K.L.:
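Quick one: the structure is below, and I'll ask about it shortly.
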Amino acid sequence: MNNMPETPEDSPLAARLRSLSGVLTKSEAVIVQWLTLNEATLGLETGASIAAKTGVSEITVSRFLKRAGFKGLQGLKEDLQAALVHTHISPSERYFRLLDGEIGAILKRDADAVLALAHEVDKPVWPIAIDAIAAADEVFVMGFQTIRGIAEDFTRRLSIVRGSVRFLSPHDGGLVEWIPSFRRADEARCLVMVDMAPYAREALPIVQTAIRLGMTVVVVTDELNTWAAQETPLVFHVTTKVDAFLESTGAMTTLLNVIIHAVAGKFPDKARKRIKDWPPIMRDLGLY
């Protein structure tokens, strides 16, 4: 019985994995999916790295590969290499073939936009921004209209690695969260503004208000933003124009993910403790 049907686009590896008899366990299905999607870079992986990236144990990866008929990960790599001798097409070449068409060109420009983020995280103000977000007593996040969802997702994910993070919608609450009454004089607050050029009219006065109230402001914005640097030195630009029908948010999402990683790295023990203490709170909800 095949529980994962073969498709015409399957590579030999994918076809072999999908043809395994019997019902795959949840962990095995995850491994099949990951191996299939990352065939081009399997040569760089170890059993430990695959386990970490799939969220299963290393022994589970090893047992699955044996069930699939491979002599461990090294055997899988050798089989892939042998298959290339016959096909004369490397897994990576399959990706490069995408670059011939319009979609491939967009993917390449989006990838270039992500790689360009190296310049942003290399700025002298990068560690200052990360310190401000990590050490603040309270962090506020804001984003408007089409990028509001990205800002809200960033808020939720940042909340996993540090506490007291809130998404603000000034149209809903009128910034009541910023009323200074009963706040400690030494309380550190930080605003992370996720902005794209069409929404600058709203973002600018809000940033100015935050600065007036003594907050540190970090702005993650697109390449067309010209006002943010006049208000705060903690400005990071991403490329959104990749000739797609709409602006791409790929690089912006990646930069926000890197910010979360860097913030978690400032106080890793606290971040790990938050993740450890989280499941018991959700246990009775039965969400997972």
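All figures in this text were calculated on a predicted structure; none of them were measured in a lab.
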K.L.:
Between Glu28 and Arg63, is there a side-chain N and carboxylate O pair less than 4.0 Å apart?
P.N.:
no
K.L.:
Using the rule side-chain contact (heavy atoms from CB on, under 4.5 Å), only one of Ile206, Ile211, Leu204 pairs with Gln208; which is it?
P.N.:
Leu204
K.L.:
Are any side-chain N or O atoms of Arg16 and backbone N or O atoms of Ala68, one a donor and one an acceptor, separated by less than 3.5 Å?
P.N.:
yes
K.L.:
How many angstroms lie between CH2 in Trp178 and CZ in Arg212, if you round to the nearest 0.5 Å?
P.N.:
9.5 Å
K.L.:
Measure from NZ or CZ of Arg272 to the centre of the six-membered ring of Phe267 and say whether it is under 6.0 Å with the direction within 45° of the ring axis.
P.N.:
no
K.L.:
With a 4.5 Å heavy-atom cut-off, do Ile260 and Ile160 have their side chains touching?
P.N.:
no
K.L.:
Report the distance from atom OG1 of Thr54 to atom CZ of Phe64, rounding to the nearest 0.5 Å.
P.N.:
10.5 Å
K.L.:
Out of curiosity, Lys273 NZ to Lys276 NZ, how far, rounded to the nearest 0.5 Å?
P.N.:
7.5 Å
K.L.:
Would you kindly confirm whether Leu191 and Phe144 end up in one hydrophobic cluster when ILVMFWY residues are joined by side chain heavy atoms under 4.5 Å apart?
P.N.:
yes
K.L.:
Could you tell me whether Asp137 and Arg189 have a side-chain N and a carboxylate O separated by less than 4.0 Å?
P.N.:
no
K.L.:
Val258 and side-chain contact (heavy atoms from CB on, under 4.5 Å): which partner among Val121, Leu117, Val114?
P.N.:
Val121
K.L.:
Given Met142 and Val194, is the side chain to side chain contact (heavy atoms under 4.5 Å, CB included) satisfied, shown in steps?
P.N.:
CA-CA 6 Å; Met142 207 173 296; Val194 184; over 6 Å; no
K.L.:
Would Glu223 and Lys241 satisfy salt bridge (charged side-chain N to carboxylate O under 4.0 Å, His left out), going step by step from the backbone distance to the final call?
P.N.:
CA-CA 8 Å; Glu223 66 270 48; Lys241 306 293 186 182; over 6 Å; no
K.L.:
Check whether any side-chain heavy atom of Glu45 lies under 4.5 Å from a side-chain heavy atom of Lys53, and answer yes or no.
P.N.:
yes
K.L.:
Mind running salt bridge (charged side-chain N to carboxylate O under 4.0 Å, His left out) on Arg156 and Glu152 for me, showing each step along the way?
P.N.:
CA-CA 6 Å; Arg156 286 187 286 267; Glu152 287 181 312; 5.1 Å; no
K.L.:
Would one find more than 12 heavy atoms of other residues, nucleotides or ligands at under 6.0 Å from atom NZ of Lys123?
P.N.:
yes
